[in-house]
Amino acid sequence: NSCSFNDPGVATAISPTAFLSSPGVNAVAVTVKNYGINILNSLTVQWELNGVPQAAYLWTGNLSFGASTAGLLLGNGNFVAGSNLVKAWTTNPNGNTDNYNTNDTLYYAVYCCNGAMNGTFQIRGANRDFNSFTDAVTALSTCGINGPVIINVDSGFYFERITIPAISGSSATNQITFQALDGDSCH
């Protein structure tokens with residue numbers, strides 16, 4: 001990447017964050033970082049919500065190497081109950097081809113409560129409902145549960161410290177189980 005001239009990438013999600021208390025229309029905003037050595041004066045941010053392409057965002061400004069934009073309001077998305085996947089990526093930096101496109105894209109899940117939770121959910125992975133243990137616990141503690149909940153955890157490293165509070169609706173029957181997605185917790 002040290003020879004990349006035009007190399008922007010979507011760096012962080014500003015809104016919504018990983019959790020919404022209810023479904024509905026919400027603003028989607030991200031930051032873009034310049035990883036290349038050329039100053040960026042223009043680029044396009046493409047984005048999708050739940051696999052549906054949204055209107056592209058055209059950015060102009062002055063972004064030097066290593067700098068990030070303030071939050072860019074890409075548009076509004078209709079977030080449904082349950083898991084929503086946002087994908088945002090950069091194209092067309094300075095009207096040219098991105099020299100190193102492996103760092104262009106940000107994927108993140110946004111979970112929307114619509115009553116108490118029950119069923120099977122996943123942390124990380126292709127079918128993610130949550131980005132982290134913290135996000136899963138936030139959803140559980142805010143939404144509560146009304147049946148058994150299984151949270152499958154994709155393999156990988158998790159650098160989190162969580163405290164699980166009392167969850168409304170949990171009982172001997174309505175238990176919450178965190179388990180390895182592949183059945184092996186020794187990775």
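Sequential numbering from 1 along the given sequence is applied to the chain's residues.
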Exercise. Parallel, tilted or perpendicular: which describes the rings of F130 and F121, with under 30° parallel and over 60° perpendicular?
Worked result: tilted
Exercise. How far does OG of S64 sit from CD1 of I37, to the nearest 0.5 angstrom?
Worked result: 12.5 Å
For this session: Give the minimum heavy-atom separation between N94 and I39, together with the two atoms involved.
Result: ND2-O, 3.0 Å
Problem set entry | Side-chain heavy atoms of L43 within contact of N92, under 4.5 Å | no
Problem set entry | Any residue meeting ring pair (Phe, Tyr, Trp, His ring centres under 6.0 Å) with Y158, in chain and number order, not counting sequence neighbours | F133
For this session: Drop me the distance from D135's CG to T17's OG1, to the nearest 0.5 angstrom.
Result: 8.0 Å
For this session: Check whether any side-chain heavy atom of F79 lies under 4.5 Å from a side-chain heavy atom of P23, and answer yes or no.
Result: no
Exercise. For the atom pair CG (N96) and CG (L40), what is the distance rounded to the nearest 0.5 Å?
Worked result: 10.0 Å
Problem set entry | Where I151 and A136 come nearest, the two heavy atoms and their spacing | CD1-CB, 4.0 Å
Exercise. Knowing that exactly one of N127, D154, V153 qualifies, which makes a side chain to side chain contact (heavy atoms under 4.5 Å, CB included) with L181?
Worked result: D154
For this session: Please confirm whether the backbone N or O of T134 pairs with a side-chain atom of E160, one donor and one acceptor, at under 3.5 Å?
Result: yes
Exercise. So which heavy atom on A109 is nearest to which on D129, and how close?
Worked result: CB-O, 3.7 Å
For this session: Write out all pairs satisfying side-chain hydrogen bond (donor to acceptor under 3.5 Å, both in side chains) with one or both partners inside residues 36-57, taking only residues at least two apart or from two chains.
Result: N6-N38, N50-N84
For this session: Check the pair T90, D98 against side chain to side chain contact (heavy atoms under 4.5 Å, CB included), reporting the backbone distance first and the verdict last.
Result: CA-CA 9 Å; T90 54; D98 188 330; 4.2 Å; yes
Exercise. L85, V28: one ILVMFWY side-chain cluster at the under-4.5 Å cut-off?
Worked result: no
Problem set entry | Close side-chain approach of L74 and V30, heavy atoms under 4.5 Å | yes
Problem set entry | 4.5 Å side-chain heavy-atom contact, Y108 and P16 | yes
For this session: Indicate, with yes or no, if W59 and L73 share a hydrophobic cluster defined by side-chain heavy-atom contacts under 4.5 Å among Ile, Leu, Val, Met, Phe, Trp and Tyr.
Result: no
Exercise. Y35 and L63: same hydrophobic cluster, using ILVMFWY side-chain contacts below 4.5 Å?
Worked result: no
Exercise. Quick one: which of Q179, R128, R124 gives a side chain to side chain donor-acceptor pair (under 3.5 Å) with N152?
Worked result: Q179
For this session: Could I get the full list of side chain to side chain contact (heavy atoms under 4.5 Å, CB included) partners for S141, not counting sequence neighbours?
Result: P165, I167
Exercise. Is a donor on one side and an acceptor on the other found under 3.5 Å between the side chain of T31 and the backbone of T12?
Worked result: yes
For this session: Consider only side-chain heavy atoms of I, L, V, M, F, W and Y, link residues closer than 4.5 Å, and tell whether I123 and Y107 are in one cluster.
Result: no
Exercise. Would D104 and D7 count as a side chain to side chain contact (heavy atoms under 4.5 Å, CB included) if you check the C-alpha gap in whole Å, the side-chain angles of each, and the deciding distance to 0.1 Å?
Worked result: CA-CA 8 Å; D104 294 354; D7 185 20; 4.0 Å; yes
For this session: Decide side chain to side chain contact (heavy atoms under 4.5 Å, CB included) for I145 and L140; before the verdict, give the C-alpha distance in whole Å, the side-chain angles of both, and the deciding distance to 0.1 Å.
Result: CA-CA 7 Å; I145 68 172; L140 288 165; 3.7 Å; yes
For this session: Given side chain to side chain contact (heavy atoms under 4.5 Å, CB included), test L49 with V86 step by step and report yes or no.
Result: CA-CA 5 Å; L49 176 57; V86 177; 3.9 Å; yes
Seminar exercise, completed: Taken to the nearest 0.5 Å, the spacing of S168 OG from N146 CG works out to 9.5 Å
For this session: Nearest 0.5 Å please: distance from the SG atom of C143 over to the CG atom of N114.
Result: 9.0 Å
Problem set entry | Over all atoms of both residues, closest heavy-atom pair of P8 and N103 | O-OD1, 4.0 Å
Exercise. Between T69 (side chain) and G71 (backbone), is there a donor-acceptor pair under 3.5 Å?
Worked result: no
Problem set entry | Connected via hydrophobic side-chain network under 4.5 Å: M117 and I150 | no
